[in-house]
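Read the structure below first, then the notes.
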Amino acid sequence: MGDALGLPHEGAFRSTLDAEPVEGMQGGGPHGCPAGAWSDDGSLLLCLADSLCSGYDPEDVARSFLAWWQEGLWTPYGRPFGYGYTVASAMYAMTVGVPPLQAGQRSEASNGNGSLMRTLPIALCLAGDHQRMLTAAHEVSSITHAHPRSLMCCGIYCLVASLLLEGMDAAQAVRSAAGLAAEHYRGSPWDVERPHLGRLLSGKAAELDREQVRSSGYVVETLEAAFWCLLRSGSFREAALLAVNLGDDTDTTACVTAGLAGILYGRASMPDDWVSTLVRSDDIVDLCGRFWDAVNPRRPR
């Protein structure tokens, strides 16, 4: 839903959105989509959730990503769009036989937000075991984005999501996740990356001024922006709109933000008109039910 909210405004200048803020679902934008359509962010997240319905298997996750790439699995209209070079190169590598966990780009220039945007289902599935969750988050990221900085950002995001699921408020979750991450990410290859994540590992994202928050496609900045939006808002709607109105990579910033806000505030906080506007809304609701049953087999929906 965050992806769909931000998609029509992808690339917008912050000053433009300050003059005319986004207030709800719209169509149009650079991809010319109708209201409620989502991009590769939502598609790959849904592919991951669908795969996890059968348990965690990185080979099966990779197969679902290839089905998105080749067959349009979990796209709004049967074709993938919105992806960047790093994702495209990994998909091509797998089509010519490169093993999934070796397909991702490992250069520093490959630290876009393309794995962060889809990683939330890992936290929802494996939150009870932080070590296993972090390992899985790193593996799923490595299918496309294998640089340690991307792995760390996916891990920190999953830690915050898992702590929210355990009942912490937003400030507690961000602060505690920073402490857990600082302890976990020690030694090689993490030590050389820690300076790049200094503000994330400090747990003080809420103290940033809006002018300090960047919402680009760089994975570290996307995660910082999502934490800032979560900590500066009081509802699902407010958090998602705050993310979109930062401008630039609006669909991914809102996707990452809305994932955490959805955990924190629950389904009842989500505007019904946003839910009903989503393309393939019934299919998404059905997947959510199947995912719940797989993750919580002894708890009713």
Side-chain angles (χ1 to χ4, degrees), residues 2-3 6 10-11 39-45 48 61 65 82-91 101 103-123 133-162 174 177-178 180-182 184-185 189-205 208 212-231 243-244 246-260:
D3 179 11
E10 186 179 15
S39 72
D40 59 320
D41 302 35
S43 291
L44 290 172
L45 186 152
L48 176 56
V61 173
F65 290 174
Y83 51 85
Y85 169 79
T86 304
V87 169
S89 64
M91 296 299 119
L101 297 184
Q105 295 286 305
R106 287 169 166 77
S107 72
E108 186 171 11
S110 64
N111 281 308
N113 52 24
S115 60
L116 178 67
M117 67 194 192
R118 65 176 188 248
T119 198
L120 183 68
I122 291 292
M133 179 187 72
L134 290 172
T135 298
H138 297 165
E139 289 177 343
V140 171
S141 178
S142 293
I143 295 171
T144 55
H145 296 67
H147 191 276
R149 200 175 308 165
S150 288
L151 308 190
M152 292 172 76
C153 286
C154 289
I156 294 168
Y157 183 61
C158 285
L159 283 170
V160 172
S162 69
V174 170
L180 290 170
H184 181 82
Y185 292 115
W190 316 117
D191 283 348
V192 295
E193 297 301 322
R194 288 167 66 95
H196 296 281
L197 280 70
R199 296 199 303 200
L200 286 170
L201 293 173
S202 74
K204 297 180 179 179
L208 299 174
Q212 296 176 282
V213 178
R214 300 189 63 186
S215 47
S216 72
Y218 174 38
V219 65
V220 175
E221 292 178 349
T222 300
L223 190 56
E224 277 191 352
F227 288 172
W228 186 85
C229 292
L230 186 74
L231 294 165
V244 173
L246 288 175
D248 202 354
D249 199 0
T250 50
D251 56 331
T252 305
T253 306
C255 180
V256 175
T257 301
L260 298 178

Restricting to non-hydrogen atoms, name the atom on [X] and the atom on [Y] that form the minimum distance, rounded to 0.1 Å.
{"X": "S115", "Y": "S150", "value": "OG-CB, 4.3 Å"}
{"X": "F227", "Y": "A205", "value": "CB-CB, 3.8 Å"}
{"X": "E193", "Y": "P148", "value": "CG-CB, 3.9 Å"}
{"X": "D249", "Y": "E10", "value": "OD1-OE2, 4.0 Å"}
{"X": "L197", "Y": "V220", "value": "CD1-CG2, 4.0 Å"}

Legend entry - Distance (rounded to the nearest 0.5 Å) between L246 CG and S216 OG: 11.0 Å

Legend entry - Pairing of R214 and E224 as salt bridge, 4.0 angstrom limit: no

Legend entry - Expected output: side-chain R194 to main-chain L201 donor-acceptor under 3.5 Å: no

Inset, instruction - Indicate yes or no for a side-chain donor-acceptor contact from S141 to the backbone of H138 under 3.5 Å, with no hydrogens or angles considered. - result: no

Legend entry - CA sep, side-chain torsions, deciding dist, call: R118, T144, side chain to side chain contact (heavy atoms under 4.5 Å, CB included): CA-CA 11 Å; R118 65 176 188 248; T144 55; 2.9 Å; yes

Legend entry - Reference residue T222; test side-chain hydrogen bond (donor to acceptor under 3.5 Å, both in side chains); the match among T257, T253, D248, N113: N113

Inset, instruction - Could you give me the CA-CA distance, side-chain angles and deciding distance for Y185 and H196, then say whether ring pair (Phe, Tyr, Trp, His ring centres under 6.0 Å) is met? - result: CA-CA 13 Å; Y185 292 115; H196 296 281; over 10 Å; no

Legend entry - Non-hydrogen side-chain atoms of H145 and N111 separated by less than 4.5 Å: no

Inset, instruction - Would you check if M91 and Y83 make a side-chain contact, meaning some heavy-atom pair closer than 4.5 Å? - result: no

